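Okay, so here's the structure we're looking at.
Computed from a predicted structure; not experimentally measured. Naming: A, B, ... by sequence-line order, numbering from 1 per chain.
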Amino acid sequence: MTKNNNVRVRFAPSPTGYIHIGSLRTALFNFLYARNTGGKNILRIEDTDQSRKVDGAVDNLIKSLGLLGIDFDEGPAQGGDKGPYYQSERLAIYRKYCDDLLEKKAAYYAFETPEVLDEMRKLQQLEGRQTMYDGRARDLSEEEVKENLNKGIPYVIRLKVPKDEEVKFEDLIKGVIKIETNIIDDQILLKSDGFPTYHLANVIDDHLMEITHIIRGEEWITSVPKHILIYKALGWDVPAMAHVPLILNPDKTKLSKRQGDVAVEDYLNKGYLKEALINFIAMLGWNPGEGEENEFFSMEELSEKFLLEKVQSSGAVFNVDKLNWMNNSYIKNYDPDKLLELSLPYFKGTDVDVTDNDHTKKILLAIRVYLNKLDEIPEHTKIFTQDKVVIEDVNLLEIIKADTSVTVFKELISQLESVETLTAEIYKDKISEVQKVTGVKGKLLFKPVRLALTGSENGPDLPSIVEILGKEKVIKFLKEYI
RNA sequence: GGUCCCAUCGACUAGGGGUUAGGUCGUCACUCUUUCACAGUGAAAACACGGGUUCGAAUCCCGUUGGGACCGCCA
């Protein structure tokens, strides 16, 4: 494989307070591509919308991403020589290039208020026309502009999109894309508050930060021509672009809050393991191809295998069932001690004595096979912590009160009373002893014991339940029914 | 509505001129385990449609249809 050490990619989120699943995948693909090529992964904070500022969002973002194993070579946390990495700290830079654009007549001042523009759009809609800026300030004379400026009228700076041209570019995932300039809006580049819009800022930053590959969501694809026009006007090279398809709701619309959780933090809190989440997200829209049938990959393996060319060109539905399956699989195969550590918080609120690690671990290992995610732990611990077994179902009561059941309980109690510490192995011996002595076997033997001990017809392996309950409790519960 | 993107089982996908169109999740059945689950085996389940190109198209081209994204002084 040819390593291109010059690759520089960036993840450029706006700090909204949480990480969207789609953003996570974009961040992941950037990270994997950087690692695969030996390039640099850069974090840049797109905080040019002052109205959407959220305190602590950046810290949370870096922390969450770091937790998942996605880290950066340059960014707010580690710095770098292409900073600052907050766009809000780069205002002077944007202004400078904006003036440059103005001078080259590639941009112009416009003085309409948001209200006026609103009116314009409404009218256009009414007439069934395309809503876009009608260019009314395009041909303002220098005198008019100067006069307005002197009067202190608020202004924005707009991109002067040339007429009757075609902008063409090649996307690494989608292929060649062409768009007529006539349908491209004279995009605002600099807002009246002096902040740049995304379109201006991302072009300038990507160039200045020497980004070689832009990997981002497909929703950006229609604004690429605007960006290309800016690159061209400034005399800059356009980076390679890869627009990754969207992650979808079950109804195939863009993944949204309304139809389930979209925040990475939500999934982490529910007890999806980070390895599973990463693995699953990576496989949404990407796969190693070449007939590879394994679906389980560590971050290292993903880094080795990740190729942009193997990214799917169509959107992918976020399938929680499959995520659950994958997470369960990770849970079942996880190192017991590490799993215990991760699980401890989820035992809070249960009656399990978490100060006894050994005991908690036994319970965890007994129930892990049932867990799609760690927050399901509490619903499975009850049988280990209850002081009294309550059976309400009349059919079950009938089973447990049967003569054979009582016989079994009595014999089992006397067998167990001689035992010092009750283990799963000892229980197995004793129950077969009970079978020999009483002659009761099969369902008649096992079912009543399970019922008496847990109150339920099914659950984890009985011997391990017995070991976890301990001698005292087992005997106590059995005595209830004799 | 305009522009752009997309199209293999219900979902994620492999395959990219000649395949019985493969795998995974989910569903169903059976086996195993004297429970449920796990595991194992098996089944149902797809190339959107129509034209080309070709000896031959799921695969290449065009069109249709369908779906999606975008059309903000948000990113």
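Pairing of B:A37, defined by two Watson-Crick or G-U wobble distances under 3.5 Å, is not identified with any nucleotide. Base pairing of B:G63: its partner is B:C49, meeting the Watson-Crick or G-U wobble criterion (both donor-acceptor distances under 3.5 Å). Taking a pair to require two hydrogen-bonding distances under 3.5 Å in either a Watson-Crick or a G-U wobble arrangement, B:C70 pairs with B:G2.
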> Once each nucleotide of nucleotides 27-41 of chain B is scored for protein heavy atoms under 4.0 Å, what B/S/- sequence comes out, 5' to 3'?
Replying inline: -------BBBSSS--
>> How would you summarise protein contacts on nucleotides 58-70 of chain B per nucleotide, using B for base, S for sugar-phosphate only and - for none, with heavy-atom distances below 4.0 Å?
In response: ---------SSSS
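A:Gly285 comes within 4.0 angstrom of the backbone, heavy atoms only, and of no base. A:Thr131 comes within contact range of the sugar-phosphate backbone alone, with a heavy-atom separation under 4.0 Å but no base atom that close. Looking at heavy-atom distances under 4.0 Å, A:Val167 makes no contact with the nucleic acid at all. At the heavy-atom level, A:Thr113 lies under 4.0 Å from base atoms of the strands shown. Counting non-hydrogen atoms under 4.0 angstrom, A:Gln125 reaches nothing in the nucleic acid. Across all strands, A:Met132 comes closer than 4.0 Å to no nucleic acid atom at all (heavy-atom distances). Within the 4.0 angstrom heavy-atom criterion, no nucleotide atom of any strand lies near A:Lys447. Note on A:Lys226: nothing from the nucleic acid sits closer than 4.0 angstrom, heavy atoms only. Residue-level contact check: A:Val156 touches the bases, meaning some heavy atom is under 4.0 Å from a base atom.
Closest-nucleotide positions on RNA chain B for A:Pro288 and A:Asn294 were compared, and the one nearer the 5' end corresponds to A:Pro288. Mapping A:Arg25 and A:Arg129 onto RNA chain B by nearest heavy atom places A:Arg129 at the nucleotide closer to the 5' end.
For A:Phe29 and A:Trp286, the gap between ring centers reaches or exceeds 6.0 Å.
Ring planes of A:Trp220 and A:Tyr198: parallel class, angle under 30° (limits at 30 and 60°).
Look at A:Glu218 and A:Lys174 and you find a salt bridge, because one of the NZ, NE, NH1 or NH2 atoms lies within 4.0 Å of a carboxylate O, short of that distance. A salt bridge is absent between A:Asp193 and A:Lys191; no separation between the charged side-chain nitrogens and carboxylate oxygens falls under 4.0 Å. Ion pairing between A:Lys96 and A:Asp100 fails under the 4.0 Å rule for side-chain N and carboxylate O. For the pair A:Glu433 and A:Lys430, the salt-bridge criterion is not met [side-chain N within less than 4.0 Å of a carboxylate O]. A salt bridge links A:Asp186 with A:Arg138: the closest approach of a Lys/Arg side-chain nitrogen to an acidic carboxylate oxygen falls below 4.0 angstrom. By the 4.0 Å N-to-carboxylate-O rule, A:Glu295 lies close enough to A:Lys322 to be salt-bridged with it.
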>> A:Thr48 vs A:Ser88, test: side-chain contact (heavy atoms from CB on, under 4.5 Å). Steps then yes/no.
In response: CA-CA 6 Å; A:Thr48 56; A:Ser88 59; over 6 Å; no
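The side chain of A:Gln312 lies closest to B:U13 when the candidates are B:C4, B:U13, B:G26. Set against B:C4, B:C6, B:C12, the side chain of A:Ala316 has B:C12 as its closest nucleotide.
A side-chain N or O of A:Gln187 and one of A:Lys226 form a donor-acceptor pair less than 3.5 Å apart.
Atom name P, nucleotides B:C9 and B:A45: the rounded distance is 14 Å, in whole Å. A gap of 16 Å separates the C1' atoms of B:U59 and B:G22, to the nearest Å. Spacing between B:U8 and B:U53 at atom C1', rounded to whole Å, works out to 22 Å. For the C1' atoms, the distance from B:A43 to B:U65 is 33 Å, rounded to whole Å. Using C1' as the reference atom, B:U27 and B:G68 are 28 Å apart when rounded to the nearest Å.
Under a cutoff of 6.0 Å and an axis angle of 45°, A:Arg158 and A:Tyr133 form a cation-pi pair.
Side-chain N/O atoms of A:Gln130 and base N/O atoms of B:G1 include a donor-acceptor pair closer than 3.5 Å.
Listed in residue order, the members of residues 115-123 of chain A having a heavy atom less than 4.0 Å from RNA chain B are A:Leu117, A:Arg121.
With a 6.0 Å radius and a threshold of 12 heavy atoms from other residues, nucleotides or ligands, A:Lys163 has its NZ atom above the threshold. Atom CG of A:Asp55 has 12 or fewer neighbouring heavy atoms from other residues, nucleotides or ligands inside a 6.0 Å radius.
Atom CG of A:Asp185 and atom P of B:C71 are 10 Å apart (whole Å).
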